[in-house]
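Letters go in sequence order (proteins before strands), and every chain restarts at 1. Not measured: the values here are computed from a predicted model.
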Amino acid sequence: MTTESTSERARAERYQPGEIEARWQARWQADGLYRVRDHVEGRPNRYHLTMFPYTSGDLHVGHWWAMAPSDTLARYFRMRGHNVLFPMGFDAFGLPAENAAIKGGAHPKDWTDANVVRMRRQLRSMGASFDWDREVVSSHAGYYRWTQWWFVQMFKRGLAYKKAAPANWCPSCNTTLANEQVKDGACERCDTLVEQRFMAQWFFRITDYAEELLDNEALDWPEHVKVMQRNWIGRSEGAEASFALEQPIPNRIVTSDHGAELVRGTTEIRVFTTRPDTLHGVTFMVLAPEHPLVPLLTTPAQAGAVREYQERASHATEIERQATDREKTGVFTGTYCINRLTGDRVPIWIADYVLATYGTGAVMAVPAHDERDFAFAGRYGLPVKVVIAPPDWDGQPLAEAWTAPGTLVASKQFDGMPSTEAKRAIASYLEQQGWGGPKIQYRLRDWLISRQRYWGAPIPIVTCPDCGEVAVPEDQLPVELPYDVEFRPTGQSPLALSPEFVATTCPQCGKPAERETDTMDTFMCSSWYFMRYADPHNEAAPVSREAAEAWLPVAQYTGGSEHATMHLLYARFFYKVARDLGLVPGDEPFTRYFAQGQILGPDGRRMSKSRGNVVAPDDQVQKWGADCFRAYLMFLGPWDQGGPYDVDGIVGVSRWLNRTWTVVVDPPARVTDTARGRELRHTVHATLKKVGEDFEEKRFNTAIAALMELTNELQRLRDAGSTDGDAWDEAVRMLSLMLAPACPHIAEELWARNGATGSVHQQSWPVFDPALVVRDTVTLVVQLNGKVRGRIEVAAGADEAAARAAALADPRLGEALAAVDVQRAIYVPGRLLNFVAR
RNA sequence: GCCGGGGUGGCGAAACGGCAGACGCAGCGGGCUUAAACCCCGCGGCCGCAAGGCGUGUGGGUUCGAGUCCCACCCCCGGCACCA
């Protein structure tokens with residue numbers, strides 16, 4: 001009869017995640033449980049942030065993989081007494097909206113807004129503790145007004161400038177791209193090979209901050225991300241040197257497709273080199289085929305060959321041009337310059353292994369000491385002049401370039417000097433003579449932010465025939481993105497096709513003028529969104545100093561490391577500008593950053609519709625519940641590692657939650673038994689210690705495993721029929737609290753069912769009792785010469801003598817030890833006793 | 001080529017220099033059930049009847065003791081790479 005009624009009750013009280021989760025989510029929302037105030041007495045502020053999602057349409061497993069542990073961490077720190085800001089929003093501008101619009105006929109704005117509604121609902125189903133009152137949507141005028149404000153500040157500080165230059169052009173996306181958005185010569189977004197187009201574009205002077213951005217050593221970030229940023233910035237120390245042209249070029253007017261312009265003549269060619277110590281060994285010069293001086297330097301006899309080469313180079317893809325194993329080719333321009341240090345006459349060549357966009361777009365070639373120059377000289381029969389003698393060099397021609405340090409020869413007054421010293425000496429000599437001097441060069445280029453597309457924030461600039469480029473005054477922002485526009489991409493900005501948008505008046509002189517029609521790179525939106533969360537409704541500023549002081553910088557940021565050289569670098573740049581504007585405290589936006597790994601499809605490949613390996617989170621939630629799905633993602637493995645999503649494994653977590661449910665709603669009989677109670681209390685407190693430490697270190701997988709062990713222990717006690725009532729109550733209470741960060745709904749339900757008042761999410765994280773964590777007796781492993789020979793039980797505080805005695809008293813061990821000549825023993829209290837014998 | 005991160009059961013993974021494989025998945029055996037599912041119990045690195053031996057990519061080393069520390073190498077993943 002008893003069994004009957006118990007199983008009846010268990011059936012009636014089955015764990016039903018769907019019902020529980022919907023109920024508690026509604027309740028939390030109604031109670032405003034996660035609304036965050038800027039200041040709460042006795043609770044220090046702490047800002048946790050996970051990267052906001054792009055409004056692609058549906059939340060995918062990757063979002064859950066990123067956000068569920070982030071939420072768990074935020075909840076844990078809240079329980080640890082912090083006033084935690086954990087906001088959410090949407091990165092809503094960008095190309096996919098336009099592409100979807102072109103395909104499906106919906107307007108990008110409507111498409112995006114619908115996705116926001118959909119994704120917001122999906123995010124809510126996670127049961128995360130986001131403060132939705134602080135939501136930002138980057139495509140809403142209330143937000144992009146401030147994105148434009150940022151542009152204006154950059155412009156006012158001379159950090160934004162327009163320049164005609166070769167730009168990365170993606171023919172599929174129909175827009176220019178920043179350097180950071182080109183990977184292996186292809187568009188980072190769509191993999192189409194990029195072309196170089198000469199266009200007038202807006203840039204941000206991120207290079208002004210190169211040195212400061214390079215200084216990331218002290219940041220609590222993953223090492224690999226810091227290294228990626230340092231590589232990307234690419235600092236090189238060296239010198240700039242000027243070479244005199246044999247025939248100076250006079251100023252003259254040049255007419256081209258871009259109109260007539262004055263081209264200043266020059267008497268020199270400047271180069272950047274990291275090897276000023278080899279300056280005396282220069283035997284030729286190489287300019288990039290795109291170098292502006294090339295047409296002016298080329299002799300009529302060479303004009304045909306040069307033009308042909310330039311033509312060929314312009315058609316080569318970036319990939320071809322950047323292949324390191326590519327044959328070095330070039331042509332002679334027919335003219336010469338003079339090496340000022342030696343007076344040597346040096347022929348000027350062009351070759352496509354020289355990049356127009358790095359340094360001065362020209363290099364001095366020292367074939368004896370540079371592999372590339374050596375290969376080039378070999379191919380075209382150019383002289384090789386040794387100026388750094390390899391050890392034991394006999395004066396014979398080199399078989400390959402000598403690039404290591406050495407001693408200078410054939411270098412006039414620098415002969416005999418070690419090359420490391422000569423670098424400095426020659427650089428300062430150049431400076432003294434006015435021929436150049438020490439120089440630091442970065443690989444990082446200025447950030448190209450113009451996009452010839454519709455769905456972005458318009459660049460707030462007006463071009464006036466009289467005043468030139470004038471920023472739209474802050475009080476006239478936003479420059480609204482018109483809704484009624486033909487947004488099909490044509491290669492020029494769709495806004496240019498809207499006369500009503502383009503026609504305006506100059507803010508300075510009031511005369512008719514034209515608006516800039518390009519929009520801004522969407523990475524602008526994400527470069528400052530974390531500041532806006534601190535003060536999302538401010539109409540007077542992007543963020544007030546007060547709110548910034550309350551929350552910034554972000555204490556814990558999480559997101560994928562694919563953004564290492566894009567978002568994470570841009571955001572650091574913005575933050576430094578914000579600091580210079582007096583807007584925010586500190587120098588860095590993200591004190592601590594954690595890069596989670598990437599979750600893959602069950603087949604181990606990136607999830608994508610075309611591969612058909614997409615797991616829809618909504619389905620998982622529907623089938624298993626949000627708590628189960630959250631816990632499973634955290635249980636899969638280390639968070640920074642990522643890996644395939646195994647659809648079959650989740651049942652294990654579901655079984656665990658069901659067992660947890662069962663033991664709590666259908667407990668064993670209560671007795672008073674302090675000995676058994678103490679055993680249980682030991683397990684509970686040891687778990688408490690372990691789970692707390694794991695959460696601190698973001699080891700969610702082992703935290704969940706420890707909770708599983710606790711549940712298994714409770715299950716054993718339940719099967720045994722009875723247990724100490726008080727210890728059981730404590731165990732259940734602690735279990736609910738420990739479950740709260742990872743599985744917020746079931747934790748709340750079990751908390752309530754045990755008659756506790758208030759939300760489990762407003763409780764403090766319990767403190768473990770160290771006295772209960774240690775055990776009274778411990779099992780010692782007894783080894784003989786490092787091999788396990790047996791185990792003994794001793795008191796926890798046993799000394800070596802006691803442990804030895806216990807080992808000898810053990811019949812098997814005693815016999816084994818008697819048979820050998822024990823030299824000494826190693827005793828590790830609580831762990832092992834190792835006898836060392838001959 | 002350079003930089004970073006990894007190689008542990010059939011699979012995901014654990015492991016302050018101290019019992020390798022916790023916790024799970026899949027598998028096998030059993031129970032419950034008319035049956036199936038669910039659920040519960042048990043078994044589970046390899047060789048061996050056993051005693052025992054061998055096992056954390058490979059080869060060395062340090063140590064009473066090495067998955068863990070040191071040296072050399074192999075393989076996988078990520079980033080950078082004609083940047084003068």
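Dashed line: the shortest gap from a side-chain N or O of A:Arg824 to OP1 or OP2 of B:C64 is under 4.0 Å. The phosphate of B:C80 has neither OP1 nor OP2 within less than 4.0 Å of any side-chain N or O from A:Gln229. Proximity of A:Ser236 to the phosphate of B:A84: a side-chain N or O atom is located under 4.0 Å from OP1 or OP2. OP1 or OP2 of B:C25 has at least one side-chain nitrogen or oxygen of A:Arg655 nearer than 4.0 Å. For the pair A:Tyr353 and B:A84, the criterion of a side-chain N or O lying under 4.0 Å from OP1 or OP2 is not met. For B:G24, one of the phosphate oxygens OP1 or OP2 lies less than 4.0 angstrom from a side-chain nitrogen or oxygen of A:Asn712. For the OP1/OP2 pair of B:A81 and a distance below 4.0 Å, the side-chain nitrogens and oxygens of A:Arg443 include at least one atom meeting the criterion.
When heavy atoms are screened at a 4.0 angstrom cut-off, A:Glu371 is found touching no nucleic acid atom at all. Residue A:Pro638 is in sugar-phosphate contact alone, with no base atom involved, counting any heavy-atom pair closer than 4.0 Å across all strands shown. Counting non-hydrogen atoms under 4.0 angstrom, A:Glu223 reaches nothing in the nucleic acid. Among the protein residues, A:Val227 comes within range of the sugar-phosphate backbone only, with heavy atoms under 4.0 Å from sugar or phosphate atoms but none that close to a base. No contact: A:Arg235 has no heavy atom under 4.0 Å from any strand. The residue A:Val354 sits close to a base: some heavy atom pair falls under 4.0 Å. Here A:Asn701 lies in heavy-atom contact (under 4.0 Å) with sugar-phosphate atoms only. Note on A:Val836: only backbone sugar-phosphate atoms sit closer than 4.0 angstrom, heavy atoms only; bases stay farther off.
Pair check for B:G4 finds B:C77; Watson-Crick or G-U wobble, both atom distances under 3.5 Å. Partner assigned to B:U34 is none, using Watson-Crick or G-U wobble distances below 3.5 angstrom.
The 5' end of RNA chain B is approached more closely, in terms of each residue's nearest nucleotide, by A:Ile704 than by the other of A:Ile704 and A:Asp370. Toward the 5' end of RNA chain B, the nearer of the two residues A:Tyr632 and A:Gln715, judged by each one's closest nucleotide, is A:Tyr632.
Between B:G78 and B:C82, the distance separating the two C1' atoms is 23 Å to the nearest Å. Rounded to whole Å, the P atom of B:U33 lies 15 Å from the corresponding atom of B:A37. Remark: the separation of the P atoms in B:C11 and B:A22 is 15 Å, to the nearest Å. The separation of B:G53 from B:C28, taken at their C1' atoms, amounts to 26 Å, rounded to a whole angstrom. Nucleotides B:U68 and B:U63, compared at atom P, are 16 Å apart to the nearest Å. A gap of 25 Å separates the C1' atoms of B:G18 and B:G6, to the nearest Å. Taking atom P in both B:U34 and B:G42, the straight-line distance is 24 Å, to the nearest Å. For the P atom pair drawn from B:G79 and B:G29, the interatomic distance equals 46 Å after rounding to whole Å.
A:Arg445 and A:Thr207 form no side-chain donor-acceptor contact under 3.5 Å, judged by distance and modelled atom types alone. Side-chain polar atoms of A:Glu180 and A:Thr565 form no donor-acceptor pair below 3.5 angstrom. A donor and an acceptor atom, one from each side chain of A:His369 and A:Arg275, are nowhere located under 3.5 Å apart. Between A:Glu327 and A:Tyr353, the side chains place no donor N or O within less than 3.5 Å of an acceptor N or O (distance only, hydrogens not considered).
In this structure, the nucleotide among B:G12, B:A84, B:C40 sitting nearest to the side chain of A:Phe635 is B:G12. Here the nucleotide nearest the side chain of A:Ile826, chosen from B:A14, B:G18, B:A20, is B:G18. Residue A:Glu709 places its side chain closer to B:C23 than to any other of B:C23, B:A84, B:C82. If you check B:G79, B:C19, B:A84 against the side chain of A:Arg791, the one that comes closest is B:C19. Checking B:C80, B:C16, B:A84 against every side-chain atom of A:Thr274, the shortest atom distance belongs to B:A84. Candidate nucleotides B:G18, B:A84, B:A22 were compared by shortest atom distance to the side chain of A:Val828, and B:G18 ranks first. Comparing B:A13, B:C41, B:G12 by their closest approach to the side chain of A:Leu636 singles out B:G12. Ranking B:A84, B:C16, B:C40 by closeness to the A:Arg831 side chain, first place goes to B:C16. Proximity note for A:Gln783 (side chain, C-beta onward) versus B:A13, B:G24, B:C19: the nearest is B:C19.
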With side chain to side chain contact (heavy atoms under 4.5 Å, CB included) as the criterion, how do A:Lys423 and A:Glu237 come out once you've worked through the C-alpha distance, each side chain's angles and the decisive distance to 0.1 Å? CA-CA 10 Å; A:Lys423 281 184 183 176; A:Glu237 238 170 278; over 6 Å; no

Determine whether A:Leu600 and A:Gln598 satisfy the following criterion, side chain to side chain contact (heavy atoms under 4.5 Å, CB included), listing intermediate values before the conclusion. CA-CA 6 Å; A:Leu600 304 169; A:Gln598 199 180 36; 4.0 Å; yes

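Per the geometry, NE2 belonging to A:His563 stands 16 Å off C1' belonging to B:G78, to the nearest Å. As rounded to whole Å, 19 Å separates atom P of B:C77 from atom CG of A:Asp640. Taking atom CG on A:Asn658 and atom P on B:G24, their separation rounds to 14 Å, with Å as the unit. Regarding A:Glu180, its CD atom lies at a distance of 15 Å from the C1' atom of B:G79, rounded to whole Å. Atom CZ of A:Phe700 is separated from atom P of B:C23 by 22 Å (rounded to the nearest Å). Taking atom NE2 of A:His224 as the reference point, atom P of B:G79 lies 10 Å away to the nearest angstrom. A:Asn179 places its CG atom 14 Å from the C1' atom of B:C80, with the value rounded to the nearest Å. Taking atom OH of A:Tyr827 as the reference point, atom P of B:G17 lies 20 Å away to the nearest angstrom.
Distance check: A:Arg230 CZ to A:Asn216 CG gives 4.5 Å after rounding to the nearest 0.5 Å. With rounding to the nearest 0.5 angstrom, the CD atom of A:Glu709 is 9.0 Å from the NZ atom of A:Lys690.
For B:C3, the base has no donor-acceptor partner in the side chain of A:Arg230 [N/O atoms by modelled type, under 3.5 angstrom]. For B:C64, the base has a donor-acceptor partner in the side chain of A:Asn834 [N/O atoms by modelled type, under 3.5 angstrom].
Classification of the A:Tyr380-A:Trp349 ring pair by plane angle, with boundaries at 30° and 60°, yields tilted.
In this structure B:G9 sits in the syn conformation; its chi angle is within 90° of 0.
Applying the side chain to side chain contact (heavy atoms under 4.5 Å, CB included) test between A:Thr660 and each of A:Thr711, A:Leu707, A:Asn712 identifies A:Thr711 as the sole match.
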